[in-house]
Every structure is written in C-alpha cells, then in structure tokens.
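All of these numbers come straight from a predicted model, not from anything done at the bench. Chain letters run A, B, ... following the sequence lines, proteins first, then strands; residues in each count from 1.
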2 protein chains.
Amino acid sequence: MASDTLSLVFGALADPTRRALLLRLAEGEATVAQLAAPFSMSQPAISKHLKVLECAGLVTRSQRGTARLSRLEAEPLRDATAWLARYQHFWQESHERLDELLAALQASHGAPALSPGTTRKTVQRTRNTTQRRGA
Amino acid sequence: MASDTLSLVFGALADPTRRALLLRLAEGEATVAQLAAPFSMSQPAISKHLKVLECAGLVTRSQRGTARLSRLEAEPLRDATAWLARYQHFWQESHERLDELLAALQASHGAPALSPGTTRKTVQRTRNTTQRRGA
DNA sequence: GTACTCTATAACTATCTAGTTTTAGAAAGA
DNA sequence: TCTTTCTAAAACTAGATAGTTATAGAGTAC
C-alpha cells in the first residue's frame, strides 16, 4: 500500500476487524487479550491488526504490568473526514448538516453506544456554494 | 479485501491514484484517456483503478462514441463519512462544526477547486453530548 | 530463581494487489 | 471494407496482506 498518511488511514479502515477494534477502543483502553476476545481469530492476528492501526496513527500503546494497553487516537480520522468532506455537496443535496444526517442514520439503523445524546435543531443559513457538475 | 461495502469504499480510497481520479471526476465526467493523461502509468492500470472505484460504487460509466465516460457517484462517500463521524467528538475538542474545521483546513493549506465559496459564521448552540472516554 | 501471564516475532502459506506488455474488440470515419 | 481510436482483457511479475502455529521475551508473583 502507499505510505502516505491518508492511504494508511483509509487502508487501516478497509478491514471490518480493524473497524471493530476501533469501535471497541472508543469505549476505552483495552489489552490485546480483551480486544481479541470477541473474535474467532488468533492472538497474533489481532496483534498484527493493532500494528496496522498503530502505523496509521489510529492507536497508541502503553504498558500496564505484563499487558499492553491500546488507546484510540482519533486525530487521523479527522483528516480522513476532512478529505471526504470535500465531496459533501455531491451527496448532501439538501445541504443538511453532517450531524443531522448522522442523527437520521442512527435513528434508522440503530444508534451505536458512541453517539451524542440528542438530535439538534436545524439551523437555517444561506449558502452560496457554486454547484459545478457535469463536463 | 473484505467484500462489505464500507471495506470496498475505504479500500478504494486507500490509494493516492484513485483519490486523484475521484478529485478529477468531481470536476465532471471524463474518458479513460483523459483520466490517464496526468499519470505516468499505463492505460490498463488506470482502467483497473476505475474498476476498483466502480466496484466500490464510487463511479458509474456510460458509453460516448468509442469512449467510456466515468462519472463520480458520491453516495458511498456519505456512508464512509457517516462511519467516521461517530468519532467526531473524539477529535472535535472544541465542538466546532465540520464545515468550519474544513474551512480552516482549506485556509491553511490552499483551498481545492472543489470547496464551497465562503466560510460561514459560527453558530453558537448548546450541546448536551455526554463525553464518555476512558475505561 | 522459577513459574506464570501476556504479547510480539518468526516462519510459513495462500491470496490479493498494482503494475507491466501484448492483444482483442467495439465504435466511428474514410 | 479498411483503418483508426479507445478501452478492456489476458498473462505475467513482484510485492503486500491476512491468516496460521510455534516460540521467544518481558514483567509479575512467589
């Protein structure tokens, strides 16, 4: 894979096991054993996935006794989101805000433990975005 | 790679060539030859990248004469953004809105042709998000 | 020091990836 | 029809990826 940061981050996210690990880590730090528990996969396999996440900057690690704690680092996810957001106006037809979209998505297929508590009210604002599409 | 949609999308984005293709397609439809021009890479290589993008649902194609037009489909990017946004409150320390962050990013390292025209004003609002972090 | 626990590394396999060059096929033009 | 243009497919290569089992090493407890 390409070694630039964005490629590493997207590459790390391109695996359901690693995405699941991130979701778990969003609840708090965890040891390798704790992280491996839900998966029908060997411990070294999980260690490798953690290494991929670490290389992408999505996880940092510390020692606690004989165990190693993994901790979520969300910074790179911001960069990834920023990249994606350039395309926002291609799919956001009605210009609703991202967190409102999110709220809707969560309402439709079950809110994960992570989500903010309440849906916020729509804020009306003008927008002079030039919609350029087509050749 | 895993075959679920999200994995395909993130996997497609995990390559700088493919991200560049998407950026180009954001300006409008293009033929394979047009897309291949800026790259020092063979035409079949570009065709393969386009196939990856197509499999991820990021591109649809149509025929025009002897050429094939590729068109950006941003829908899957919304899903990817939605996944990422679950981590928003991990990096969005001061709770600024995504598009404001974007504006700042664009201001700092050069606005791409894609971006909305103006930075919008900060809207003050309350937020009762429960910040849950740590074990 | 010895035993135990937790995790990383080594070594290996199978599969996927990204690229190449060459070739075939489809559509348009003369 | 014959030629040209544009793109996809075939066949191949090198290297990365995701998993395995077995083992080594580091830290704690005794």
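We find that CG of B:L35 is positioned 15 Å from C1' of D:dA8, with the value rounded to whole Å. For A:D15 and D:dT17, the CG to C1' distance is 10 Å, given to the nearest whole Å. Protein atom CG of B:L53 is 10 Å distant from nucleotide atom P of C:dA18, rounded to whole Å. In this structure, CG of B:L69 is placed 19 Å from P of C:dA26, rounded to the nearest angstrom.
With C:dT7, C:dG19, D:dA18 as the candidates, the nucleotide lying closest to the side chain of A:A33 is C:dT7. Of the candidate nucleotides D:dT7, D:dG27, D:dT20, D:dG27 has the atom lying nearest to any side-chain atom of A:Q63. If you check C:dA18, D:dT21, C:dA27 against the side chain of A:S42, the one that comes closest is D:dT21. Of the listed nucleotides (C:dT7, D:dA18, D:dA8), D:dA8 has the atom at the smallest distance from the side chain of B:R68.
Between B:A67 and A:V52, the residue anchored nearer the 5' end of DNA chain D, judged by the nucleotide with its closest heavy atom, is B:A67. When each of A:M1 and A:S40 is assigned the nucleotide of DNA chain D bearing its nearest heavy atom, the one mapping closer to the 5' terminus is A:M1.
Ring pair B:F10/A:F10 is parallel by interplanar angle, where below 30° counts as parallel and above 60° as perpendicular.
Contact check of residues 43-51 of chain B against DNA chain C (heavy atom, cut-off under 4.0 Å) returns B:P44, B:A45, B:K48, B:H49.
Exactly one of A:D15, A:T60, A:L58 qualifies for a side chain to side chain contact (heavy atoms under 4.5 Å, CB included) with A:L53. That residue is A:L58.
B:L6 and B:A80 get closest at one heavy-atom pair: CD1-CA, 3.9 Å. Residues B:A56 and B:A12 share a closest heavy-atom pair of CB-CB, 3.9 Å.
Between A:E75 and A:R78 there is a salt bridge, since a side-chain N of the basic residue sits under 4.0 Å from a carboxylate O of the acidic one.
In this structure, A:R64 reaches neither bases nor backbone, as no heavy-atom distance under 4.0 Å exists between it and the strands shown. At a threshold of 4.0 angstrom between heavy atoms, the contacts of B:T31 are confined to the sugar-phosphate backbone, with no base atom among them.
Taking 4.5 Å as the limit, every side-chain heavy atom of A:L21 sits out of range of all side-chain heavy atoms of A:V59.
Distance check, rounded to the nearest 0.5 Å: CE of A:M41 to CD of A:Q43 gives 12.5 Å.
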